[in-house]
Amino acid sequence: MQLLLIKNLRDVQRRPLRTLLTVVGVLLGVAGVVAISYTGRNLAAAERQTYASTRQPDITAYVNNLSPTLLEFIAHRDNVAEVDSRATQYTRITVGDEWVATLLTGVPDFQQMPLASLELVSGHYPGRDEIAFDITSTKLTPIKLGDLVALQPRAGDPITYARVSGFVRAPATLDASIVNQASAFMPDREVRQIIGSANDNFLLARVADPQRASQTANEIQSFLDKRGVSSGSYTVRDPSEFTGSRELGTLLLLLRVFSYVGAVLSSFLVANTIAAVMLEETRQIGVIKALGGSRWDAMRTYLLFAGIIGLSGAVLGWGIGLLFGRVLSRYLAGLSGLVLPAFSFSPREVVLAGVVGLGVALSSAAIPAWLAARQRVAPLLANRGVVADFRRGFVQRITQGISRLGALPAMGLRNLARRPTRAGITLALVAASVAAFLATQALSNSVNHTVDELYDLYGADGWVYFNQPMQAGFARTLETDPDVTKAELWTTAQASIGSLRTDAWGMPEDPRIYTVRLTAGTWLRPANPVAAVLTSNLAATLQARVGDVLPLDIGKRTGLVQVVGIVDDQSTYLGATSTGKIFLSNDDLQQIAGGVSQVMALKLRSSDPAAVDASLHEVEQRFSQYHPVTLAMYRDKASSRQAINILTLMLDVMVVIVGIVGLAGIANTLLINLTERRREFGVLRALGASSRQVVRLVMTEALGLAALGCALGLLIGYPLARYLVVLTGAQLFQLDFQLGPLSILG
């Protein structure tokens, strides 16, 4: 056994570049699987760490005039372990000419925060006339310590000023660049002055038994209702979810698919190398068998060689995978506002590295080792010299035309058929790399196209919110503005049908901005009970059809609705936990729900960003008495694209890894070919061929492999792209498959 080990160690060093390429292929396959496993485990631990270390609330709600006495009563209710309050206000800030949407939160005591505590990054916590920003807010506006910031909740409101005292990290808060909204913090007394209230307006509660959190939220709401205190927008934390977890889960699922592709490609690379080694050492195998060695005696020599490569790749891949997983975890946790735990090892990653590394190496080496060891002794010991082993007939016929361009190109292409198994494995490596690239391009194009279509479906160039209820007829008043061509009232509320959460939307019966894409029935019309239109994904989940009568719960109110139509509308939002939408008329939704959120959708004369900003500013100034807040569609769309860009970036990284494995495969094949044909090249040089002509011969062979691999990759890439688009659509929202000619050309 010792002699066998020494021989294999020498074999590893005998062809160092070929061995290095094979080890690189294995370690990349291992690193991808380990990195994704570590990232998934670490993000789950980060969610638990964030909940525990920053004491995240289980229940949050907006409560009008949340007095200290009322807060004390809530704290003594059953299952309530701890409560806290904040003063919050959606506002906008600027340090120059551009206003940035901002969630302003007032904190009673920054040093003592019972729930949702902040981490100071730089500077100090704000005092009187000071403000601190979440560190990610700097991605939206160039604020820095000491800047004087202007705050104005709505157009027409007084402007207040505050000095930037520091930057903090708000846990469990999405990156500002993703939500396109900054987060800022001030002493609560100053925020209460801005909103004109003597008390806070945001409740945070932590419960003793998380399984009863929803029941506790309902009891708190009933308690407040009995005392005539209005409350709403209750959010109950799901222990298994965090904001953006669905999107992150989808990303990790896709990365896991590509990591498996990389592992499979690594097995091809090892098989190619072992097959070449077996071909080089046929005489040694013959000697082993001639001396009485069994087939297993011959095989284990080369399985041990493969095991050394696999073990080296497993160890190196495990280390690199952990490092890459840590970097990926830190990046994704930063986007999600999660607190990462300390670096930790897990037996799971060690086992994965061993299974992938050694498993890939040994399983891929077993077939070529068995095929070589099963041969008889005489052929193994035969000395063939230089032979013409390329395939005649078919290969010669298809390259006949190329031979007119020169003998060397034809020879290079014919050489591809000399080792069909090796060429096939190399083609598979190239094809998989091309297919992976094509699939990611199709996925990116499909997501971008679908997002564009969904924004076109809702058709607005901007939205305007008012600080008071508005009637649908006010849309005609807005249309008197010269820049507004169409306006209509939309209302929204959180709802549920049975145990299924959804979003209820109030819309006009004859929408002029929203595009109705019916798949069954009709749009909203008078009906008894109330007419409702479901989105196709909600209808599919409920197995509902036109004519069905469903119970609709909004808050504590319940009403019956009749399904009159189903529309093709898959729109959602980042961090959404609801399924689809149910559309009612504005009046019907108001009647069932009572208080609802209102927005006026605007279609403007120009969709150019600068023109949209100018038009919305004009609307704010003209109707300043209603204290409007505006939002440009292109800004909201940019926020969605930011999340898409993160997805695309991560997939591109995996494609690069797969591409490197493919590159290693081509280089490995050429190195093996060059090693086998040294005497052949010597004969060519002896017959007068120049070194440049020999290089042309080899490059023709390489380009032939690449071209055939690309063609095969296109055939494989299309179904793979289809699969990834369907897989992503099932996790997020239905996608329209898009694969343009530029992607194929790329």
Side-chain angles (χ1 to χ4, degrees), residues 89-104 133 136-143 147-161 174-184 448 451-452 454-467 470 474-475 477-490 512-514 571 573-574 597-645:
Q89 170 70 49
Y90 283 98
T91 185
R92 54 185 188 171
I93 62 100
T94 182
V95 291
D97 298 328
E98 185 176 359
W99 292 97
V100 175
T102 303
L103 175 60
L104 179 63
F133 284 89
T136 64
S137 300
T138 56
K139 298 178 181 180
L140 297 181
T141 180
I143 49 176
D147 281 349
L148 188 64
V149 176
L151 299 93
Q152 185 185 40
R154 294 167 294 270
D157 286 352
I159 296 178
T160 58
Y161 296 90
L174 288 177
D175 190 282
S177 64
I178 296 179
V179 296
N180 202 29
Q181 175 183 279
S183 297
N448 280 308
V451 168
D452 288 341
L454 292 175
Y455 274 97
D456 291 340
L457 186 69
Y458 281 80
D461 294 312
W463 297 272
V464 56
Y465 304 82
F466 294 98
N467 196 33
M470 308 299 290
F474 188 73
T477 304
L478 285 171
E479 289 174 356
T480 61
D481 187 284
D483 289 337
V484 179
T485 59
K486 297 176 185 177
E488 58 188 29
L489 178 67
W490 296 348
R512 298 181 300 150
I513 296 179
Y514 177 75
S571 59
Y573 54 90
L574 188 65
S597 300
Q598 291 186 331
V599 60
M600 285 286 182
L602 306 179
K603 190 71 177 177
L604 305 174
R605 293 192 180 278
S606 174
S607 298
D608 178 74
V612 168
D613 288 341
S615 299
L616 293 180
H617 180 72
E618 174 63 25
V619 169
E620 289 179 349
Q621 296 302 315
R622 183 173 180 182
F623 300 98
S624 60
Q625 69 272 27
Y626 300 110
H627 305 288
V629 175
T630 60
L631 174 64
M633 182 275 290
Y634 78 88
R635 293 182 183 275
D636 192 48
K637 193 173 181 179
S639 176
S640 299
R641 289 203 176 280
Q642 178 66 17
I644 295 171
N645 291 338

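Counting begins at 1 with the first residue of the sequence. Hydrogens, waters and symmetry mates play no part in the numbers below; they use all other heavy atoms, side chains included. This is a predicted model, so every value here is computed, not measured.
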TODO: Applying side-chain contact (heavy atoms from CB on, under 4.5 Å) between L478 and each of M600, M470, E488, report the one that passes.
DONE: M600
Open item on the list: Within the structure provided, determine whether V612 and Y634 are in side-chain contact (heavy-atom separation under 4.5 Å).
Closed with: yes
TODO: Drop me the distance from R92's CZ to Q89's CD, to the nearest 0.5 angstrom.
DONE: 12.0 Å
Task: All salt bridge (Lys or Arg N to Asp or Glu O under 4.0 Å) counterparts of D452, not counting sequence neighbours - done: K637, R641
- [ ] For A182 and L140, work out which heavy atoms get closest and say how close.
- [x] N-CD1, 3.7 Å
Open item on the list: D483: which residues meet the salt bridge (Lys or Arg N to Asp or Glu O under 4.0 Å) condition with it, sequence neighbours left out?
Closed with: none
Task: Short side-chain to backbone donor-acceptor contact, K603 and G459, under 3.5 Å - done: yes
TODO: Examine distances only and state if a side-chain atom of E479 and a backbone atom of A487 form a donor-acceptor pair shorter than 3.5 Å.
DONE: yes
TODO: Decide yes or no for V464 and L616: does some side-chain heavy atom of the first lie under 4.5 Å from some side-chain heavy atom of the second?
DONE: no
Open item on the list: Within the 4.5 Å heavy-atom criterion, are L103 and Q181 side-chain neighbours or not?
Closed with: yes
Task: Any pair counted as salt bridge (charged side-chain N to carboxylate O under 4.0 Å, His left out), so long as it reaches residues 605-618, sequence neighbours left out - done: D613-R635
Task: Non-hydrogen side-chain atoms of Y514 and L457 separated by less than 4.5 Å - done: yes
Open item on the list: Rounded at 0.5 Å granularity, tell me how far CD1 in I143 sits from OG1 in T94.
Closed with: 10.5 Å
Task: Nearest-0.5 Å distance, OG1 of residue T102 to OH of residue Y90 - done: 11.5 Å
Task: Heavy-atom closest pair, residues V95 and L148 - done: CG1-O, 4.1 Å
Open item on the list: Return the CG to CD1 distance between D147 and I93, rounded to the nearest 0.5 Å.
Closed with: 9.5 Å
Open item on the list: Consider side-chain contact (heavy atoms from CB on, under 4.5 Å). Of L602, I513, L604, D461, which one does K486 pass it with?
Closed with: I513
- [ ] With rounding to the nearest 0.5 Å, note down the distance linking CD in E620 to CH2 in W99.
- [x] 9.5 Å
- [ ] Find out whether W490 and W463 are in side-chain contact, i.e. whether some heavy atom of one side chain is under 4.5 Å from a heavy atom of the other.
- [x] yes
